[in-house]
2 protein chains.
Amino acid sequence: LDYQHVQVPFEITLWIMLASLAKIGFHLYNKLPSVVPESCLLIFVGLIMGGIIYGLNDKSPPVMDTDIFFLYLLPPIVLDAGYFMPSRPFFENIGTILLYAVVGTIWNVFGIGFSLYGICQVKAFHLQDVSLLHNLLFGSLIAAVDPVAVLAVFEEIHVNEKLHILVFGESLLNDAVTVVLYKLFRSFCEMPTIKSVDVFAGIGKFFVVGLGGVFVGLTFGMTAAFTTRFTKDIRVIEPLFVFLYSYLSYLTAEMFHLSGIVAIIACAMGMKRYVEANISLKSHTTVKYFMKMWSSVSDTLIFIFLGVSTIGENHEWNWPYICFTVIFCLIWRALGVLVLTSFVNRFHVNTITSKDQFIIAYGGLRGAICFSLVFLLPDFHRKKLFIAATTVVILFTVFVQGTTIRPLVDLLAVKRKRESAPTVGEQIHIRFLDHLLAGIEDISGHWGQYYWKDKLEYFNSKYLQKILLREYDQPKSSIVLLYEKLERKHAIELAEAGQLGHAPSHPSLLNNDKTVITEKKLEDTLDLDVLENIHEILARNLYRIRRTGPAYNRHTLPGDTEPGEHAKEILILRHKSL
Amino acid sequence: LDYQHVQVPFEITLWIMLASLAKIGFHLYNKLPSVVPESCLLIFVGLIMGGIIYGLNDKSPPVMDTDIFFLYLLPPIVLDAGYFMPSRPFFENIGTILLYAVVGTIWNVFGIGFSLYGICQVKAFHLQDVSLLHNLLFGSLIAAVDPVAVLAVFEEIHVNEKLHILVFGESLLNDAVTVVLYKLFRSFCEMPTIKSVDVFAGIGKFFVVGLGGVFVGLTFGMTAAFTTRFTKDIRVIEPLFVFLYSYLSYLTAEMFHLSGIVAIIACAMGMKRYVEANISLKSHTTVKYFMKMWSSVSDTLIFIFLGVSTIGENHEWNWPYICFTVIFCLIWRALGVLVLTSFVNRFHVNTITSKDQFIIAYGGLRGAICFSLVFLLPDFHRKKLFIAATTVVILFTVFVQGTTIRPLVDLLAVKRKRESAPTVGEQIHIRFLDHLLAGIEDISGHWGQYYWKDKLEYFNSKYLQKILLREYDQPKSSIVLLYEKLERKHAIELAEAGQLGHAPSHPSLLNNDKTVITEKKLEDTLDLDVLENIHEILARNLYRIRRTGPAYNRHTLPGDTEPGEHAKEILILRHKSL
């Protein structure tokens, strides 16, 4: 027996296996996952495992390694989140999300930090040795809402799209703020004196870390899209590039102390549309499924390790500090959401209701990121207290809030996600209204959301697509794609019901030698056929909509006017309105 | 800049990226891969990379770590090979393959070992210090044909299925022999005296290592199949189990010093049909594509690392030894193939032609396995000579033989692989003949290939399928599956040509709310629909073939006779014939 030799891969495989089997186990009992979120069950499994390890070895089980968490477990989840991010609601609410993520997080950090410092001044609690800076440092790590925990819970409760994107978007984008504040306070703790320059440098860092992340991500995303232009002859490794480039963007960002989470999201969102157009249908299925699988496994492992790491002797228990941490986390978040929302609601017609506000505040779950950050703290005499407080906050939010949020959503009758995808008719109307609003904004000289969106789309179709797409011919609009998908689905349904027509089914049987081309070949020819036939299909079966290409585009409508002239016209209008 | 922190994953990702980009690069120039095999090009890239590293650092570039090779790079390739192994030709030629793999490899080991020992006796070559045992040890590592190298070359030249399976099957199954002989001679080298007991123990080990590998593999394969029965509610992690269980089988076999390659092949071949039936269509696409992708990347990395590791200062050059190694490798392999084939041809009607024999002998490529084994050798004063000789043999076989085999195949007009898949008619005939031959063997009392195949199929449908399949209802015969696939393909083609009928396309547009169900749902319902409708489809469109289930099976044909009675009858017949 030679266990030493295979130990590392064997144990990793066994952990993943345990995680997957635990998942299967929950789903065998249908009632369990519908009452308790999976994350709670997984933490529970972790606690049991930790207890067993603790009982057998009589020493604390290994805690989750921060490097393993940040380098291997977190990226797949964030990549999945970014790749499948519904871009329309995200960009429609980007202002609100950023407000929550940046201002809200700062609000929480300082609120929790200062009020905990206040608690520390009470002599009866024996906490006078915890300085203000340490409290702020603790605040910076405990304030951040965790994307993994939020995703795990919100994916199961199906609230409406806007609410979901507000909470989830905040949890993703606050990473930049958390990274900056955490590193800032940690370096302040080690400095003898703090100059005002350092504080300003810290504020400047926000922008560097966040925008730098976006820049790194977009660079890698565009490179990935460009690379997939040339993979036609080696379909097999196409999916690889999606993973390699996103992972490189994350690592590069981390290397330069930028926000890796922001980078990987920017990379995934940036490359998605181009990659999807370039790679084959089967490669795309592989990318989608593998991404889901990988993130699901990472997610499972994180929660199990959270449970395992909780067991042990690295906790210092101080009732007042821990209780007040939980209370302040709840209060400051609720206050923050109230204040920020009242501010946001002034500028929007479609306001955030008080029910939604409650769910946003209540959905501020903490998770593995806090946990990893608290273990990353430099050693000082109260570190174990911070670890204990963080553990309690995480378990409280995941177990208590995570379990009760679903009944609360039912009780409050929060607006749910619509079950069906938008119909073709709806999609046409949405597109029509977008163009209309862009036109209105143009005429009124208001540089609003639709104006910029339209400009971006123009830039995309004029330059980006030509560089990044393999067969740049005409933009495949989402309506055409949907129509194709429907037709294909319908055809398969017909074939399976045996109603495919009695005449056409014979030739396929007779000309076997011709039709039984190997799968690979079929797939290669598919794209070409599709492109050639789209117009024909549309002309025959769909309403006679205009092409979304040049003929339909606002920029070329009145006799192909130059965009330069157009811009001038807008400037004049803008000038007038001022 | 914090490079230390992300170094490990960053460098791994960069190497994979380099490998993938190199692959894209070759395929951009269509002429290149059609003349030179990809493996040669990759080794060439590796040589350049190694040269650059050597030039910059002025020290030998890192050699490929044997642990990395055996634990991480080899398993994906072997898994892919096993999973996509065409089981029919493999089992039809299993006797010949085993003969080549076991007897052929032993023949080569001793042939090369003894004749090199003879060369060492020539005083002019200054090689008298290389003992017979060391020569045999060297022979055991250099004799083994490498599956990675064979696959890389043979996948490109498309010889006929039988020839391909003979060479490739041998390269896979000789692993057990190589492992045993290599370890045997290595331990003999370290022993002061060798008893005859040790030699017999060595011979016994063959069976333990080989059959033990098969046992471990089948155990994990069946467990994998059983696990996928319960993944209906979590389709996302289905593909994972295929990979986890196969990898575990490999690691477990390696842990017990059994043949990991044999184990993973047994696991993959054993689980395939059950897993395919249990998991969803999209999960299966993911499994297939990801397996191909992973093995392709591993393969690429292995050849690049081979190139990189070649550069450096760990070579001792001795012209006679190296030249004679190459010559003896060629001669002994050619002789072995001739002798063994003449033996095999006596027992077969469908003989192996002399052209095929030439290709089998010529296709005995060496690769990364030899390379890793030679680096694993214990340190002794002639290790560098062995490394040099191994490197030369690998480069010679991959470059010279690999490049010339395609023109030779063209020149000799070796029978090629048929391009099209078998038609429905052919499949029906093959199945019919199988049943007929099984019946003839039964009546004649001959326990031949078809008899055992039939028995195995009976055991499978009677017991295994009931335990391992989720919805055991009736066996989906491959003909039905093929028919379904054809119909679906045809339907998609019709839909894309816009000829799906003018009436049916309207309802799909009108009832959008109903038909636009999310993809996930559709896929869940698909399997059920398919099952329900198969009979209907067949009844309407296909010839009225009998069910391959109970009604069609020989064992139940005459009024459901018990298999017990049946066995008696066969025994009587057998008795008579004796």
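All values derive from a computational prediction rather than experimental measurement. All values below were derived from every heavy atom in this structure, side-chain atoms included, with hydrogens, water molecules and symmetry-related copies excluded. Protein chains get the first letters and strands the later ones, always in sequence-line order, with residue 1 at the start of each.
Note: B:Leu251 leads B:Val6, B:Thr285, B:Leu251, B:Leu21 in heavy-atom pairs under 4.5 Å with chain A. Each of B:Met17, B:Gln4, B:Lys292 has some count of heavy-atom pairs under 4.5 Å with chain A, and the biggest count is that of B:Met17. Between chain A and the residues B:Asp67, B:Val287, B:Thr231, B:Val8, the most heavy-atom pairs under 4.5 angstrom are made by B:Asp67. Between chain B and the residues A:Phe70, A:Phe256, A:Phe243, A:Tyr245, the most heavy-atom pairs under 4.5 angstrom are made by A:Tyr245. Note: B:Phe10 leads B:Trp294, B:Phe10, B:Tyr3 in heavy-atom pairs under 4.5 Å with chain A. Chosen from B:Pro9, B:Ser295, B:Gly25, the residue pairing most often with chain A at heavy-atom distances under 4.5 Å is B:Pro9.
With a 4.5 Å cut-off on non-hydrogen atoms, A:Tyr250 does not touch chain B at all. Only the side chain of B:Ser296 comes within contact range of chain A, with at least one heavy atom under 4.5 Å from a heavy atom of that chain. Proximity to chain A involves both the backbone and the side chain of B:Ile237, based on heavy atoms less than 4.5 angstrom apart. Residue A:Thr300 does not touch chain B at all, counting heavy-atom pairs closer than 4.5 Å. Of the two parts of B:His257, only the side chain, counted from C-beta on, holds a non-hydrogen atom closer than 4.5 Å to a non-hydrogen atom of chain A. For A:Phe26, no part lies under 4.5 angstrom from a heavy atom of chain B. Residue contact with chain B, scored on non-hydrogen atoms closer than 4.5 Å, involves the backbone and the side chain of A:Leu240 alike. A:Phe290 touches chain B through backbone and side chain together, each having a heavy atom under 4.5 Å away. Both the backbone and the side chain of A:His27 come within contact range of chain B, judged by heavy atoms closer than 4.5 Å. With a threshold of 4.5 angstrom between heavy atoms, B:Ile24 approaches chain A through its backbone and through its side chain. Looking at A:Leu28, only its side chain comes within 4.5 Å of chain B, counting heavy atoms on both sides.
Under the 4.5 Å side-chain criterion, counting only non-hydrogen atoms from C-beta, B:Met291 is in contact with B:Phe84.
Between B:Leu301 and B:Ala19 the shortest heavy-atom distance is CD2-CB, 3.9 Å.
Between the CD1 atom in B:Ile16 and the OG atom in B:Ser298 there is a gap of 8.5 Å [rounded to 0.5 Å]. For the atom pair B:Glu254 CD and B:Leu74 CG, the distance stands at 8.5 Å (nearest 0.5 Å). A distance of 10.5 Å separates CD in A:Gln7 from CE in B:Met255, rounded to the nearest 0.5 Å. Of the inter-residue distances, the one linking A:Leu248 atom CG with B:Leu14 atom CG reads 5.5 Å to the nearest 0.5 angstrom. Distance check: B:Lys23 NZ to B:Asp299 CG gives 5.5 Å after rounding to the nearest 0.5 Å.
With hydrogens and angles left out, the side-chain atoms of B:Ser280 and B:Ser283 include a donor and acceptor closer than 3.5 Å.
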